[in-house]
Number of protein chains: 2
Amino acid sequence: MNQSNILENRFPGRRAALKREILEQALYCFNELGVEATTIDAIKARCDTSVGAIYHHFGNKEGILSALFFAAQDDQRHRLEQELAGANSLREAVYSIIWSYLDWVVDNPEWARFLYQARSPVAKGPFQEELTNRNIQNYRKLKERLISFGNDDIKIVQPFEMLFSLIIGPSENYCRAWLSGRVKTSPQEYRKEFAESVWRSLQS
Amino acid sequence: MNQSNILENRFPGRRAALKREILEQALYCFNELGVEATTIDAIKARCDTSVGAIYHHFGNKEGILSALFFAAQDDQRHRLEQELAGANSLREAVYSIIWSYLDWVVDNPEWARFLYQARSPVAKGPFQEELTNRNIQNYRKLKERLISFGNDDIKIVQPFEMLFSLIIGPSENYCRAWLSGRVKTSPQEYRKEFAESVWRSLQS
DNA sequence: TCTGTTGAAGAATATTATTCTGTTTTGTTT
DNA sequence: AAACAAAACAGAATAATATTCTTCAACAGA
């Protein structure tokens, strides 16, 4: 049932049991029915609790959505940082970014699906600022890490703004297609090809 | 006010005037407030009409959303087909796909923004099947067009499923970033770089 | 002009999100 | 252990919102 321990990691302990249960069922509902079509009542029914409990823990629907979103995003980023820590060159860093992304999506398809569809609602909602700040932070850290390698060995595509899009764009697009069912082959099968293609695209 | 004539093209004539007006204001609301936070009342207020008129034209909120979505998608695809028609080699085709995509987004930023955020809701809603069919069709047509060139001159990345992601992924990712404000430079400035990078990534 | 059809309005209804009040459980202090 | 405070939970009451329904007006074709 539990596809992973993202929730356990983030909301540990006995007292948070219902909180985790609500989130898990909400995740299911959002993915199955869509964010807007998911009602508090539907979530309530699936975990046999009360509206009072739900609102006590999350305040409102946006609160549930955001809690799920940030939990997923943090887990994904954590995986990225772990992989990236082991990289010793720009080339290895690029491979780490792509591989950790693909692996995470394949390991957590439900969470990944949710992440794609919840970004816009969260970006518009009351947690707008928190999301923006996190994105700026993450982006900056990644940029510094990449710059730290220098690019003596090969000449890298110039406008730095483009770099991240070139690296993650293809994988992201493929993962979306895979999660929506348009393509059948697991992203992991193309790990190597994605990384190599991207690396080629970077040398100018 | 009217960023383009997408609505005029799709719903021409005097009798569809209110229909277009409703759609235009709805587009504004969806982008400004988000899909879920946009109320029928807010749309009604912005075009000074009645709920009756709105429901007469679109049935429900999903109906407005879908009408906008398909209008935008068709316009985008139309532009792609025009550009692609002039291509005489695989290389030119790849350039056409990327350039028409970037140009369309820059020409229609509001529509592009909407397209990104409305995909999930539409994919879950009552027009689910229509969307799927359109996607399958578009994908197939594009695939056939690309295959038609053969690949005698250069060896192209093997798994065909990956091809589309490699081509459009970087541009898509960058356009999202640009529309969300994370990067400032217009995608059009990097037209050449995106196309060249992608083309390098394809040769294996 | 007549007549059926489409466009439009707004009140009435149904659905859903949210608040509020009270009760129980849990943890902590004495 | 008893008393207290804080957090967890339940469910009725309320508010916000989507949708339906009934009515009237504009319009095209006979």
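Just so it is clear, the structure is predicted and the values come from calculations on it, not from any experiment. What's counted below: heavy atoms across the whole structure, side chains too, no hydrogens, waters or symmetry copies. Proteins get letters first, then strands, A, B, ... in listed order; numbering begins at 1 in each.
- Along DNA chain C, the nucleotide nearest to A:G52 and the one nearest to A:E36 differ in position, and the one closer to the 5' end is contacted by A:E36.
- When the side-chain nitrogen and oxygen atoms of A:T49 are compared with OP1 and OP2 of D:dC9, none of them lie within a distance under 4.0 Å.
- B:H57 places its NE2 atom 14 Å from the C1' atom of C:dT5, with the value rounded to the nearest Å.
- Checking C:dA17, C:dT18, D:dT19 against every side-chain atom of A:N60, the shortest atom distance belongs to C:dT18.
- A straight line from CG of A:L18 to C1' of D:dC9 spans 8 Å, rounded to a whole angstrom.
- Remark: A:H56 is in phosphate contact with D:dA8, judged by side-chain N or O atoms under 4.0 Å from OP1 or OP2.
- Place B:D48 and A:T39 on DNA chain C by their nearest nucleotides, and B:D48 ends up nearer the 5' end.
- Put simply, A:R15 has no side-chain N or O that comes within less than 4.0 Å of OP1 or OP2 on D:dC9.
- Side-chain contact check for A:N31 and A:Q117: at least one donor-acceptor pair (N or O, by modelled atom type) lies under 3.5 Å.
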For the pair A:L142 and A:L84, evaluate side-chain contact (heavy atoms from CB on, under 4.5 Å) and give the outcome as yes or no after the intermediate values. CA-CA 9 Å; A:L142 188 57; A:L84 207 48; 3.5 Å; yes

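- Remark: A:N133 CG is packed, more than 12 non-hydrogen atoms of other residues, nucleotides or ligands lying under 6.0 Å away.
- Looking at B:R77, its side chain never comes within 3.5 Å of a backbone N or O of B:N138 through a donor-acceptor pair.
- Note: NZ (B:K44) to P (C:dG10) measures 8 Å, nearest angstrom.
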